[in-house]
Amino acid sequence: MSNQGPKTLFDKIWFEHLVGQREDGTNLLYIDRHLVHEVTSPQAFEGLKLSNRPVHRPEATIAVADHNVPTINRQNIEDPQSKIQVETLAKNTKEHGIQYFDLMDQRQGIVHIIGPEQGITQPGMTIVCGDSHTSTHGAFGALAFGIGTSEVEHVLATQTIVQNPAKNMRISVNGELPFGVNSKDLILYIIGKIGTAGGTGHVIEYAGSSIMGLSMEGRMTICNMSIEAGARAGLISPDQTTFNYIKGRPYAPGTEHWDQAVEYWSSLPSDNDANYDHEIVIDSSEIDPMVTWGTSPEDVVSVKGTVPNPSSAKTENKKKSIERSLEYMGLKPGTKITDIKLDKIFIGSCTNGRIEDLRKVASIVKDKKIASHVQAMIVPGSGLVKKQAEEEGIDIILKDAGFEWREAGCSMCLGMNPDQLKPGERCASTSNRNFEGRQGRGGRTHLMSPELAAASAITGNISDIRDFT
Amino acid sequence: MDKFHSLKGIAAPLPIVNIDTDMIIPKQFLKTIKRTGLGVSLFYEMRYDNDGNLIKDFVLNTSPFDQSKILVAGDNFGCGSSREHAPWSLTDFGIRSVISTSFADIFYNNCFQNGILPIVVSPENLDQLMTAAKNQIEFTIDLPEQIIKAGNHSINFEIEEFRKERLLQGLDDIGITLGYQDKINAYEEDKKNKKPWLFKKN
């Protein structure tokens with residue numbers, strides 16, 4: 001990679017943030033914004049204390065509690081460990097002068113929802129957080145990736161990170177998205193195609209008319225799940241859609257700097273003749289609404305398809321992996337996806353907990369009732385998403401249909417709070433991971449779009465939105 | 001951080017692909033505010049039943065593998081979440097090296113922050129080492145020489161020089177970077193002029 005000649009969006013951000021090279025040959029990359037939450041930060045603050053180091057630039061960090069927080073009754077966190085973790089974040093941020101949105105603050109929510117919502121996330125930035133779904137912010141053309149707690153401590157102490165450049169991959173999706181297919185289907189399809197290690201060592205730039213035609217919410221869903229394809233970060237070129245989204249948000253550049261910022265942002269898209277280490281081109285007409293059947297996000301199939309047969313696997317390892325997944329999921333090969341009966345519906349998460357997602361769900365379940373055997377829960381991504389939905393009457397529609405309307409947080413995406421599946425329970429989930437035990441020990445997760453999850457809530461089976469009227 | 005030079009011992013075979021960090025250390029153990037004490041919960045759902053009893057035939061619950069310092073695992077080890085609790089639970093259990101055909105990026109990075117050596121080998125070599133591990137053949141991992149020996153097998157591995165040095169010397173990464181404080185300050189001064197909106201106070 002060179003600072004001369006045509007560059008990709010990633011290359012441009014990389015060189016712009018290069019502070020220098022250390023003697024050991026590693027690069028120091030400057031970090032513009034650092035997002036912190038309660039689960040992966042306490043040991044980092046403890047590390048600073050033990051070595052008596054200050055936070056280098058407290059105003060570049062924003063903190064919020066999201067992973068552990070209850071979605072009902074916010075006044076009191078019953079789990080004593082969760083309570084300590086949330087209190088520890090409050091204490092640490094206060095001690096170091098870091099902005100913290102507490103649980104009673106309407107701006108509280110999932111860290112990857114509130115970054116963009118507040119205008120903290122901007123094109124051309126480097127953004128890190130001790131959370132793998134930091135890739136979400138790449139939707140704005142920001143280089144954003146998840147880091148471990150030791151690196152959180154490093155960023156707090158130095159505002160830099162030790163990195164070596166990633167490889168560039170471009171995935172272009174062209175054409176108008178077919179009816180019933182949206183950004184979640186698109187990213188699930190991509191993960192199915194390249195596999196959960198397909199993007200390892202790469203930053204994926206998503207391009208093409210299908211991608212650029214998406215709203216910011218849709219773009220965030222795509223970049224969010226880049227990590228499920230093994231990539232540390234996803235990127236989408238900033239354009240007018242991006243600028244319109246950011247303008248006027250609390251942390252966005254003010255009028256005094258707006259034009260200057262837009263001018264810089266407009267210089268970021270990859271040069272026409274930039275070089276990629278890997279290129280994939282997809283025609284969007286080949287994509288159906290997608291659902292996962294197994295315990296890895298690469299285990300995807302069209303909602304019109306069937307549960308795969310291990311004997312069709314190309315390698316012995318793959319065969320064993322399918323067998324293991326099917327046993328865990330309690331599924332038989334050849335079962336039609338739409339014959340799979342559900343117990344729970346979870347709508348929310350940093351993948352699909354935004355206002356646009358909630359609006360879609362409301363439009364589908366309006367004047368209908370969820371199936372009598374399912375329990376359905378909707379967890380807005382932030383307090384402000386919740387407020388907006390309530391102003392639009394979305395909460396009434398959802399509650400009338402039988403959904404539980406909750407407070408903002410990560411909730412059942414990872415089940416650190418009381419929202420969990422019981423062993424054997426089967427859930428249609430708009431979240432990002434279907435790992436064994438992810439939503440609760442023995443819980444069975446089927447990842448899908450909010451549209452499919454909404455339709456499935458009504459029928460009680462996994463359902464194709466295209467058949468749903 | 002503990003230094004890493006060489007390791008000798010039995011390796012535990014874990015022939016499962018895509019072992020994710022939720023499997024390595026499930027969510028309920030992420031509520032700690034300490035780095036220590038997670039070893040007992042490593043691979044919790046594979047090691048313990050619903051009542052918290054040991055699942056006797058899980059490899060890390062059987063002798064001599066319950067004393068393993070080395071893990072041989074299927075492709076794409078450590079995918080999923082960024083939780084550093086994964087390497088913390090491995091070291092706390094006593095695992096100092098993981099051998100696989102590939103690792104997820106964040107997990108790979110986290111290992112080096114915690115004195116764990118992740119080693120990438122070819123699929124053929126992984127098969128050989130998996131068999132050797134199952135047969136309880138003693139492994140020797142030599143970091144300076146970048147070589148794994150197990151029975152008749154002698155396998156060279158690649159590692160970036162700075163990562164190797166970091167493990168050999170147990171370096172404090174933050175301490176090193178703070179040596180570049182002047183450069184960081186100069187970078188910030190330059191950007192304050194060129195991109196003032198990034199330094200706006202809210």
Side-chain angles (χ1 to χ4, degrees), chain A residues 19-20 22 24-26 28 30 32 39-40 42-43 46 51 53 59 68 79 81-82 84-85 88 99 125 130-132 146-151 153-154 157-160 162 196-197 200-201 230 232 250-251 253-254 257 260-261 264 296 317 321 324 414-416 423 433 435-438 441, chain B residues 15-18 20 22-23 26-28 30-35 45 50 74-76 79-85 87-88 102-107 109-110 113-114 160-162 165-166 172-181 183-184 186-188 191 194-202:
Chain A
V19 172
R22 302 198 309 185
D24 59 7
T26 54
L28 274 184
Y30 191 78
D32 291 316
V39 176
T40 57
Q43 295 87 349
E46 187 197 25
S51 45
R53 287 170 177 150
E59 67 274 18
N68 247 321
D79 182 324
Q81 279 191 298
S82 300
I84 289 174
Q85 229 173 24
T88 304
Q99 165 100 61
M125 277 182 169
D131 188 280
S132 58
I147 56 177
T149 298
S150 298
E151 290 174 308
E153 187 181 336
H154 192 283
T158 70
Q159 207 55 42
T160 66
V162 180
T196 49
T200 303
R232 266 191 113 166
Y251 287 75
H257 295 131
Q260 195 186 355
Y264 171 63
S296 166
N317 269 347
S321 148
R324 185 185 166 95
L414 85 167
M416 271 193 82
R433 286 185 181 138
F435 297 157
E436 287 180 23
R438 170 84 178 176
R441 183 169 186 152
Chain B
I16 303 171
V17 297
N18 294 329
D20 56 71
D22 278 79
M23 268 190 209
K27 58 197 167 283
Q28 63 268 36
L30 309 187
K31 297 179 183 179
T32 176
I33 55 169
K34 303 278 169 214
R35 291 172 197 248
E45 290 180 6
N50 285 336
D75 313 341
N76 197 28
C79 58
S81 138
S82 65
R83 59 188 71 165
E84 202 160 314
H85 309 68
W88 293 338
S102 60
F103 293 90
D105 287 337
I106 306 178
F107 175 82
N109 225 5
N110 282 340
Q113 306 282 357
N114 293 282
E160 288 165 285
E161 198 54 36
F162 79 96
E165 280 306 307
R166 184 187 285 175
D172 166 18
D173 221 13
I174 298 175
I176 299 174
T177 300
L178 285 174
Y180 298 85
Q181 185 87 56
K183 274 197 162 178
I184 298 169
Y187 176 92
E188 285 176 337
K191 296 303 169 194
K194 290 184 180 144
K195 296 194 280 185
W197 66 92
L198 292 177
F199 293 84
K200 185 184 112 176
K201 300 258 183 196
N202 277 85

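Atoms considered below: every heavy atom in the structure, side chains included; atoms not considered: hydrogens, waters and symmetry mates. In what follows, chains are A, B, ... by sequence order, proteins preceding strands, each numbered from 1.
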Test side chain to side chain contact (heavy atoms under 4.5 Å, CB included) applied to I106(B) and R232(A), step by step: CA-CA 7 Å; I106(B) 306 178; R232(A) 266 191 113 166; 3.8 Å; yes
Q43(A) side chain reached by H85(B) side chain, heavy atoms, under 4.5 Å: yes
E59(A) versus chain B, the contacting section by heavy-atom distance below 4.5 Å: side chain
With sequence neighbours excluded, residues passing side-chain hydrogen bond (donor to acceptor under 3.5 Å, both in side chains) with D20(B): none
Side chain / backbone / both / neither for N18(B) at chain A, heavy atoms under 4.5 Å: side chain
Proximal component of T160(A), with respect to chain B [non-hydrogen, under 4.5 Å]: side chain
Residue pair V17(B) / S321(A): nearest heavy atoms and the distance that separates them: CG2-CB, 3.6 Å
Proximity breakdown for T149(A) and chain B, heavy-atom pairs closer than 4.5 Å: both
N76(B) and T196(A) side chains, donor-acceptor separation under 3.5 Å: yes
Shortest non-hydrogen separation from G254(A) to K200(B) and the atoms involved: N-NZ, 3.7 Å
Validation row: C79(B), R433(A) side chains within 4.5 angstrom (heavy atoms): no
Interatomic distance, I33(B) atom CD1 to T88(A) atom OG1 [nearest 0.5 angstrom]: 4.0 Å
Spacing of OG1 belonging to T26(A) relative to CD1 belonging to I176(B), to within rounding of 0.5 Å: 7.5 Å
Toward chain A, the part of K191(B) with a non-hydrogen atom under 4.5 Å: side chain
Close side-chain approach of M23(B) to F435(A), heavy-atom, < 4.5 Å: no
Reported CD-to-CG distance for the pair E151(A) and D173(B), which is rounded to 0.5 angstrom: 8.5 Å
L30(B) versus Q85(A), closest heavy-atom pair with distance: O-NE2, 2.7 Å
Heavy-atom pair with the smallest gap, counting every atom of D105(B) and G230(A): OD2-O, 3.9 Å
Region of Q159(A) that comes under 4.5 Å of a non-hydrogen atom in chain B: side chain
Heavy-atom pairs under 4.5 Å with chain B, option from S51(A), G20(A), G415(A), S296(A) with the top count: G415(A)
Residue P26(B) versus chain A: region with a heavy atom under 4.5 Å: neither
Contact class of F199(B) relative to chain A, heavy atoms under 4.5 angstrom: both
Chain A interface, residue from G179(B), A104(B), S102(B), G80(B) that has the most non-hydrogen pairs under 4.5 Å: G80(B)
Stepwise side chain to side chain contact (heavy atoms under 4.5 Å, CB included) check, L28(A) with Y180(B): CA-CA 9 Å; L28(A) 274 184; Y180(B) 298 85; 3.9 Å; yes
Partner set under side-chain hydrogen bond (donor to acceptor under 3.5 Å, both in side chains) for E165(B), not counting sequence neighbours: Q169(B)
Which portion of R22(A) sits near chain B, non-hydrogen atoms under 4.5 angstrom: both
V162(A), part contacting chain B, at a heavy-atom distance under 4.5 Å: side chain
Closest approach of E45(B) to G437(A) (non-hydrogen atoms, all atoms of both residues): OE1-CA, 3.5 Å
R324(A) vs I16(B), side chain to side chain contact (heavy atoms under 4.5 Å, CB included): CA-CA, chis, key distance, verdict: CA-CA 9 Å; R324(A) 185 185 166 95; I16(B) 303 171; 3.5 Å; yes
Salt bridge K27(B)-D79(A), side-chain N to carboxylate O under 4.0 Å: no
Engaged part of T158(A) at the chain B interface, taking heavy atoms whose separation is under 4.5 Å: both
Region of D172(B) in contact with chain A, defined by heavy-atom distances below 4.5 Å: side chain
Step-by-step side chain to side chain contact (heavy atoms under 4.5 Å, CB included) determination, R53(A) to L178(B): CA-CA 10 Å; R53(A) 287 170 177 150; L178(B) 285 174; 3.5 Å; yes
Per-residue contact mode, E46(A) against chain B (heavy atom under 4.5 angstrom): side chain
Closest contact, heavy atoms only, S81(B) versus S132(A): CA-OG, 3.6 Å
Contact class of E188(B) relative to chain A, heavy atoms under 4.5 angstrom: side chain
Approximate separation, where rounding is to 0.5 Å, of Y30(A) OH and L198(B) CG: 9.0 Å
Residue selection (most heavy-atom pairs with chain B, distance under 4.5 Å) from M416(A), R441(A), Q81(A): R441(A)
Residue, of Q28(B), Q181(B), E161(B), that accumulates the most heavy atom pairs under 4.5 Å with chain A: Q181(B)
